[in-house]
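One structure is given below, encoded as structure tokens.
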Amino acid sequence: MAGVADDIAAVVAVSGEAPHEPVVSAKSGHLFEKRLILKHLAERGTDPVSGEPLSEDDLVAVKSAPAFVRPRPPAATSIPTLLLTLQNEWDAVMLETHTLKQQHHAVRLELTTALYEVDAAKRVIGRLLKERDEARSQLAHFRVSAAQASGASASASSAAAVPDTAADVDMDVAVDELPADVVQHIDETASELSKIRRKRKAPPTLATPEEIAALTV
């Protein structure tokens, strides 16, 4: 039992090391480590310094500042221990640096992939815009061609209808008779021209009346 009291005295009174859970005896006013004093009270029930009867209710907890930094134990003040501590801290710093490098590399890869995807999307959009403009141009050209074809068809129809109207007008209008030699010369010339027209073939690119009628604007 005396060994426990000696441990308490050595830890608190002699070395001056800050206890983890300090308590003060209300009877003697001495500072103790709570863990050790409770163990001593369970075995002896007396104050380890004065020997007076002491219970757990006589212990008063000591409150310290939250930012209190505990001093290093005496065993950690030797040169080998300090070198080992510095080596451990250096290893921790190197490990953290390695982790940061890996994260940095991963972020760079993600950024590169995102830039490639944006560039590919811009190229696709540019190609689609170009195809849209070409389609609009072709549609406008087709409309102009269809309008011209429709105009040509209407002109051909009106031209074909003019001779009939002229014939009707000529039938109603009285005309003086031409001399016989002039009439004969006109007939001969018309006959020669008719023969030439009959021998001439129509070009293959000429549109038929059915094709012209099928065109729509």
Side-chain angles (χ1 to χ4, degrees), residues 65-69 83-217:
F68 177 77
V69 179
L83 292 177
L84 180 60
T85 303
L86 292 176
Q87 181 65 39
N88 293 334
E89 292 180 356
W90 173 261
D91 294 340
V93 171
M94 290 297 100
L95 180 61
E96 184 178 1
T97 303
H98 178 68
T99 304
L100 291 176
K101 286 183 178 180
Q102 288 182 339
Q103 294 177 357
H104 179 261
H105 182 66
V107 171
R108 290 188 62 182
L109 291 178
E110 293 178 0
L111 179 60
T112 302
T113 304
L115 291 177
Y116 282 152
E117 291 178 353
V118 170
D119 184 61
K122 289 183 177 180
R123 291 183 180 180
V124 172
I125 292 173
R127 187 174 69 244
L128 292 176
L129 292 176
K130 183 179 179 181
E131 293 178 356
R132 183 201 64 182
D133 295 339
E134 291 178 354
R136 287 181 176 178
S137 177
Q138 293 178 359
L139 180 60
H141 181 70
F142 175 76
R143 288 179 178 177
V144 171
S145 301
Q148 291 178 354
S150 177
S153 175
S155 300
S157 301
S158 61
V162 167
D164 297 338
T165 305
D168 295 340
V169 171
D170 292 338
M171 291 176 62
D172 297 334
V173 177
V175 186
D176 296 338
E177 294 182 359
L178 296 175
D181 54 348
V182 175
V183 174
Q184 184 179 0
H185 180 70
I186 291 173
D187 293 339
E188 292 176 358
T189 304
S191 178
E192 293 177 0
L193 293 175
S194 297
K195 293 179 181 180
I196 295 173
R197 291 193 189 95
R198 290 175 183 175
K199 294 179 181 180
R200 186 174 59 186
K201 295 181 179 180
T205 58
L206 185 64
T208 61
E210 291 79 5
E211 293 177 351
I212 294 175
L215 291 176
T216 57
V217 180

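- Checked against side-chain contact (heavy atoms from CB on, under 4.5 Å), L84 has the following partners two or more places apart in sequence or in another chain: N88.
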Report, one line per pair, each donor and acceptor closer than 3.5 Å where one atom sits in a side chain of residues 111-127; sequence neighbours left out.
from, atom 1, to, atom 2, distance (Å)
T112, OG1, R108, O, 2.8
T113, OG1, L109, O, 2.9
D119, OD2, R123, NE, 3.3
D119, OD2, R123, NH2, 3.4

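- Looking at residues two or more places apart in sequence or on another chain, you find no side-chain contact (heavy atoms from CB on, under 4.5 Å) involving E192.
- Here side-chain hydrogen bond (donor to acceptor under 3.5 Å, both in side chains) pairs that include residues 128-142, with residues two or more places apart or in two chains, number zero.
- The distance from atom CG of D91 to atom CD of E89, rounded to the nearest 0.5 Å, is 10.0 Å.
- Looking only at distances, a side-chain donor or acceptor of T189 sits under 3.5 Å from a matching main-chain atom of H185.
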All N/O donor-acceptor pairs, side-chain side in residues 96-103, below 3.5 Å, sequence neighbours left out:
from, atom 1, to, atom 2, distance (Å)
T97, OG1, V93, O, 2.8
H98, NE2, Q102, NE2, 2.9
T99, OG1, L95, O, 2.9

